[in-house]
Every structure is written in C-alpha cells, then in structure tokens.
Amino acid sequence: MSELERHTYDVLVIGAGGAGLRAAVEAREAGLRVAIICKSLFGKAHTVMAEGGAAASMGNVNEKDNWMVHFRDTMRGGKFLNHYRMAELHAKEAPDRIWELEMWGALFDRTKEGKISQRNFGGHEYPRLAHVGDRTGLELIRTMQQKIVQLQQKDGAQYVSMESNIKVFAELTITDILKENGKISGAYGYWRETGAEVLFEAPTVIIATGGVGKTFKITSNSWEGTGDGHALALKAGANLVDMEFLQFHPTGMVWPPSVRGILVTESVRGEGGVLTNTLGERFMFKYIPDVFKNIYADNEAEADRWYVDQDNNRRPPELLPRDEVARAINSEVKAGRGSEHGGVFLDVSKRLSAEVIKKRLPSMWHQFYELAGVDITKEPMEVGPTCHYVMGGVEVDPDTAAAVGVPGLFAAGEVAGGMHGSNRLGGNSLTDLLVFGRRAGMGAAQYFKSNSKNPVSDVAIEKAREKIQAPFDRAGGENSYALHAELQEVTHNLVGIIRTKNEIEDAIVKIADIRKRSANVSVSGGRKFNPGFHLAFDLDNMLLVAESTAKSAVLREESRGGHTRDDFPGMNSMWRQINHISSFDGTEVSVREQALPVLPKELFDLFDVHELEKYMTPEEIVKGGTN
C-alpha cells in the first residue's frame, strides 16, 4: 500500500458550485485556510445549468418590489412549510449578494436606465430575476471562480505560493466525513483518475454538494447529482428534513432522446411561451387552484394582455408555481391528451420573432437546434416533468448553516433543507446559494475560532480505507450498474410525481432489497479510469436518499408542493405544522415528526389573514404568530 496522501486545512468545502465557492470565499476572507473538493472538473458544477436568473427584490423593473413581497412569494410557493427564518434571511439578503457579484465582475443584462435587468418567473409577483440571457448560472460560476483566483493571487503575492491558503482539489470523491470525540475531524476520499486515497484533516466541513436527481430515471441533473452530501451528512449523524419533497420541473425535453431530461428554462414561459396539449388547447386554465384564482388569468385574452400590461391584468397560468404546472402536464398526459412521446407542447415561436428569441433565449435556441434539430423559433418543443431539485436536505441552523447535531459540520445550497418548504420558486436557488453559502462560510469561521484542532485517529483512517477497498475484494457479486437501473425504475414508477400508499410501501421494500444486495457489489479491474468503482459509492448514497424520500413520503398523508398523494389529494393544515426528520443508525433510515417553527408576529402580519386561513388551522390564526 502506497503512502497515504494527507492534507491539513481549517475548513474543507465539499462541492464547487455556487454555495461551495461562496462559502470558500467567506472562510478565506475570515483568515482561514480552505480546501475546495470538486467531484468533477472545476467550473462544471451543476450551478451552470441554472438558466433563467437569480431572484432578488432589487425593484429595478418594478419599484413596488421589496423583501417583504419576495418573502411572501417564497412562503406561498413552499405552501408555508418553509423555515420562516431561512426565507426571511434569503429575501432580505438576496439583493446585496447580487450587487456583490456585480462588484466582483458579473455582467448582468441591463435595463434602459443601465440597472441590472430583472425578468418574470413563475410564482414571483414582480419581475425579480437578475439574469445574463439564459446563462445566469454560468456567469455566477465564472464570477465566483474568478474571485477564488483573485484570492489566490493575493496569497501568492504575500505567501509566495498561490495555493498556500486556498486550493481546489478537482476530480476527487469524498467517501467519508470523519469525526473524533463527537466532532468533525476531516474527510476521506480518493482521486477519481487513479483511485489513490486522500485524507483531509479539518475541524470544519461545509457540505455544498447539490442534489439527488440521478436517483431518478428522468432528470435534469448531470451525473454528479447522486445525493453524496445528503448521504455523507446522514452517515456523520446529521438529520435530513422533509425528503419527500422533490421538484419535478414541469418542462424538461421528452423528445428527441438526445435531449431527454434537459431543462427548458422557465424563462421560455416568462417570455411568452404557451403550453398546449395534442388537441391544440391551452390547458393550464383548467388547473388554476382556488388559492391562486385572484392572481392568475382564467382566459386567453387576459393572459395575453398581461405581457404588455402587468398592472391591470392577471398572470398567465403557465407561470403558476412549478409543482402546479408539473401536475397539470401529468394530468393531461394521463388523460390521453399528451404528445406521442408522453409530454405536451411548449411554443414560444407564435409570440416572439426569431430575432427576439435568439437574443433573449440564446442558449435554449442554440442547444436544442444543435443537439436535437429542434428550431424553437419555428416549432414547439415536446416537454414533460423531469426530476429537477430536492427541497429536502440537511437540517441546519438558519443563521449559521450549522448542521443540527454535528459540531463542525455545515451545509448550504440544494443539499440543505428548510428554505424552500414543499416547493422551490424558480430563481430562488441561485440566491439561496449565495446567501447561505456566505452564512456557512461565516458559521465555519466562527466555529473554527472557538474550537481547537481535532486530529483523525488511525482507527478512523483504517475503516475508511477498508470501505474503499471492499468492492475489489469481493468476487462475482452484484453489478452496481444493474442495481442503479433497478433503483431508478423503482423511484420513477413508485415514488415519482404522483404517489399512493401501496406504491410507496412497495418501493420501501424494493429499496431495502436493493440495499441488501448492494452490500455485495463487486468491482472488476483496477482503480484507474474505472466508472464501476465510482458508481459503487454513488449507489450507496442514492439508496440512502431514496429510502429517506420513500419513508417520509409514506408518512405525509396529504398533497403539498412537490409531494402529491393520489389517496390524499388535498392539503391539510395539520400536516403543514410538521417536518419529517430522517436519521440513520448505520443500518436503516428512520423518520420522525418534528414541529415546524411558528411564524413570528411581525412576519405573520405581512400576510392578509384570509390568505393564511387557506393554509393554517383556526388555532394558529387566533394566535397570530408566536409573540
């Protein structure tokens, strides 16, 4: 066995997307030595897939916008299951994070007056999404990476080596978060190219690993989205909150196969794209829930007028929150009014000229034209729901992003739960990354300064080492690819967009069976360039995530946001007060109920009481907030 590669840092950031990079910047600026771990290539984080924009109430296009309206929209989108403090911090701090990005060199599109342009998006009352064409996530990552390089250059001038205090370890997988004496002590993993093992000793770890989409068969997530952070946190003793809530983005391409699952950004609908079924009907007018009737147009004429006069018309129902649109498409397909390939049609060509489409939606036009031979300036796209985002995640303290129950562990971005409640509004993810990435960096710096080093023991290293070697020492066992395909079928068919008790219970049994067989996964060949070796560890993570999702989903006997129960079709205000907390004992996941923190009076009073009556019990209304 070759000598183990060892590194010592103050803070270890797992994940190099928007949340991880923002956390790293904050920790480095607080004077700490920071390592950034990146599963794929640096710059290829899933943040680049966020196209439409970053939601922040700067009021540049409509001055009526402010943090209170943004907070209300976020709570409505999440059906009031959000952790109010996270939604409040996010709404208040999002504008500062966007202006800060601009100071760091982000080139946002502009209004005629030269302010940052903001566009409409589903669930947002005013145009609120700061954007760079339809490549906003790419610009965010480009800017954040440049900021990291700038910090490295500063260190280079001061300490000779540019990587003396902040270093990126790309194409490296973390297999274990390590603890000693109940506190974080570091992490263990391997270089993906060679399989050589690496130990990081660090008393603080920030998880910023993104989502879980590869647990599902059709997903907009790329290969990295295997729930690594969710599972690493569970194994380290942290909790996951509300894992039943998965967002199926309503408009992923379903045809042709070359682009299946790839997202059609919501800004296509924000700019005027309409949804039709195979009969040519604009079907969304049939699916406006009662709670949204006063905000959304119930006829085509008014919906069309909204694009030119937003103050005097209700919004088109194509811009309902994502869960509503996804369910509506699902219903049309199930009723036999879907397209030949199981989707519906989204058409922006009837409303906008080819020139305008290419200017406002350049990536959409280019991507589908090149990859699929679909020209969105002339023809509709064939779209349907695709597993896109997980609202559930690590249970954290809202102010510090500290993982509940594990000293020294922090989480931010999609891997953290609570902020979005049962459904995330489009555009809130990019500002979520920035707001809570920064807070995780601050929290880690505060923790580090009041806690001493916590060395990793030889016993912990040996256990981590054995885990990585184990699949190679088993002969003729299970194949990780076959088990992954089986898991994806189970989640897609039994814990997908529409759920029932019998199907979820069936899924729980099947996931347990796959999990049992996965303990016998064997890997042939060596460690170099061996994707079967990587999948053996990804599979273990995805099984934990799927178990958490199914066990939470079977308990929640209502439909809310990204969780739709056919056997419990309505929302229930008693269930709104409950979070599901998943924990792991080393053998199986268990889920318990926990009371949701109550809205304080000053936030309660931001809403019309008649609106709250649609979500809350009479007892909650009478209380009028906690104070």
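Under a 4.0 Å N-O distance rule, the pair Lys64/Glu125 does not qualify as a salt bridge. We find that Glu588 and Lys551 are joined by a salt bridge, their nearest charged nitrogen and carboxylate oxygen being less than 4.0 Å apart. Salt-bridge annotation for Asp290 and Lys293: present, with a side-chain N of the basic residue lying under 4.0 Å from a carboxylate O of the acidic one. Under a 4.0 Å N-O distance rule, the pair Arg85/Glu88 qualifies as a salt bridge. With respect to the salt-bridge test (charged N to carboxylate O, under 4.0 angstrom), the residues Glu324 and Arg76 do not qualify. With salt bridges taken as basic N to acidic carboxylate O contacts below 4.0 Å, one links Asp540 and Lys235. No salt bridge links Glu558 with Arg565; every basic N to acidic carboxylate O contact stays at or beyond 4.0 Å. Look at Arg499 and Glu244 and you find no salt bridge, because none of the NZ, NE, NH1 or NH2 atoms lies under 4.0 Å from a carboxylate O.
No donor-acceptor distance shorter than 3.5 angstrom exists from the side chain of Arg22 to the backbone of Leu433, with no hydrogens or angles considered. Checked by atom type and distance alone, the side chain of Gln594 never pairs as donor or acceptor with a backbone atom of Ile581 at under 3.5 Å. Between the side chain of Glu318 and the backbone N or O of Leu275 there is at least one donor-acceptor pair closer than 3.5 Å. Checking side-chain atoms of Tyr296 against main-chain N and O of Leu319 turns up a donor-acceptor pair under 3.5 Å. A distance-only check finds no donor-acceptor pair linking the side chain of Glu302 to the backbone of Asn299 [under 3.5 Å]. For Thr491 (side chain) and Gln488 (main-chain N/O), a donor-acceptor pair under 3.5 Å exists by modelled atom type. For the pair Thr400 (side chain) and Gly443 (backbone), a donor-acceptor distance under 3.5 Å is absent. Judged by distance alone, with hydrogens and angles left aside, the side-chain atoms of Asn423 form no donor-acceptor pair with the main-chain N or O of Gly78 at under 3.5 Å. Looking at His484, its side chain does come within 3.5 Å of a backbone N or O of Lys214 through a donor-acceptor pair.
Each of Arg97, Glu93, His90 was evaluated against Leu434; a single residue qualifies, Arg97, per the side-chain contact (heavy atoms from CB on, under 4.5 Å) test. Under the side-chain contact (heavy atoms from CB on, under 4.5 Å) test applied with Val415, the options Ile206, Val390, Val396, Thr209 reduce to a single match, Thr209. For the salt bridge (charged side-chain N to carboxylate O under 4.0 Å, His left out) with Glu332, the qualifying choice from Arg282, Arg337, Arg327 is Arg337, the only one to do so.
Other residues, nucleotides and ligands contribute more than 12 heavy atoms inside 6.0 Å of the NZ atom of Lys286.
Between Ala91 and Ser57, the closest heavy-atom pair is O-OG, 4.1 Å. When all heavy atoms of Phe216 and Gly496 are compared, the closest pair comes out as CE2-CA, 4.2 Å. Listed here is the closest heavy atom pair of Thr136 and Ala54: CG2-N, 4.2 Å. Smallest separation of non-hydrogen atoms from Leu596 and Leu81: CD1-O, 3.4 Å. The heavy-atom pair separating Ser548 from Ser582 by the smallest distance is CB-OG, 3.8 Å. When every heavy atom of Val254 is checked against every heavy atom of Val383, the shortest pair comes out as CG1-C, 3.9 Å.
Note that the NE2 atom of His563 and the CD atom of Glu557 stand 8.5 Å from one another [nearest 0.5 Å]. To the nearest 0.5 Å, the span separating CG on Asp566 from NZ on Lys501 amounts to 15.0 Å. Rounded to the nearest 0.5 Å, atoms CD1 (Ile329) and CZ (Phe248) are 13.0 Å apart. Between the CG atom of Asn502 and the CG atom of Asp567 there is a distance of 7.5 Å, given to the nearest 0.5 Å. From Ile578, atom CD1 reaches atom CZ of Arg592 across 12.5 Å, with rounding to the nearest 0.5 Å. Atom-to-atom distance recorded for Cys387:SG and Asn221:CG is 6.0 Å, nearest 0.5 angstrom.
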Point to revise | Verdict with reasoning, Glu611 to Arg72, per salt bridge (Lys or Arg N to Asp or Glu O under 4.0 Å) | key: CA-CA 11 Å; Glu611 178 182 9; Arg72 284 201 297 263; 6.0 Å; no
Practice item. Could you walk me through whether Arg424 and Glu414 pass salt bridge (Lys or Arg N to Asp or Glu O under 4.0 Å), step by step? Key: CA-CA 10 Å; Arg424 174 178 68 77; Glu414 187 172 356; over 6 Å; no
Exercise for review: Could you check Met419 against Val435 for side-chain contact (heavy atoms from CB on, under 4.5 Å), going step by step and ending with a plain yes or no?
Suggested key: CA-CA 11 Å; Met419 155 70 199; Val435 168; over 6 Å; no
Check your understanding: Going through the checks in order, is the side-chain contact (heavy atoms from CB on, under 4.5 Å) test met by Ile295 and Arg315?
Key -> CA-CA 6 Å; Ile295 312 172; Arg315 308 161 67 78; 3.8 Å; yes
Exercise for review: Kindly determine whether Thr251 and Val268 satisfy side-chain contact (heavy atoms from CB on, under 4.5 Å), including the steps that lead there.
Suggested key: CA-CA 10 Å; Thr251 55; Val268 170; over 6 Å; no
Exercise for review: Could you go through the side-chain contact (heavy atoms from CB on, under 4.5 Å) check for Thr278 and Ser339 one step at a time?
Suggested key: CA-CA 6 Å; Thr278 196; Ser339 70; 5.7 Å; no
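Counting heavy atoms from C-beta outward, Phe604 and Leu612 have side chains that approach closer than 4.5 Å. No side-chain heavy atom of Tyr287 sits less than 4.5 Å from a side-chain heavy atom of Val325. Inter-residue side-chain proximity for Thr276 and Pro380 is flagged as unmet; no heavy-atom pair is nearer than 4.5 Å. In this structure, the side chains of Ser222 and His46 come closer than 4.5 Å at one or more pairs of heavy atoms. A heavy-atom distance below 4.5 Å is not found between the side chains of Leu487 and Leu483. Contact of the Ile207 side chain with the Ile177 side chain is registered, since non-hydrogen atoms from C-beta on lie closer than 4.5 Å. Using a 4.5 Å cut-off on side-chain heavy atoms (C-beta onward), Val394 and Leu240 make contact. Taking the side chain as every heavy atom from C-beta outward, Gln310 and Pro127 approach each other to under 4.5 Å.
Counting only N and O atoms by type, the side chains of Ser220 and His388 include a donor and acceptor under 3.5 Å apart. For Glu382 and His341, the side-chain atoms include at least one donor-acceptor pair closer than 3.5 Å.
Applying the side chain to side chain contact (heavy atoms under 4.5 Å, CB included) criterion to Ala55, with sequence neighbours excluded, gives His70, His124, Arg128, Leu129, Asn428, Thr431.
Aromatic pair His420/Phe245: centroids not less than 6.0 angstrom apart. Two rings, from Phe607 and Tyr615, have their centers 6.0 Å or more apart.
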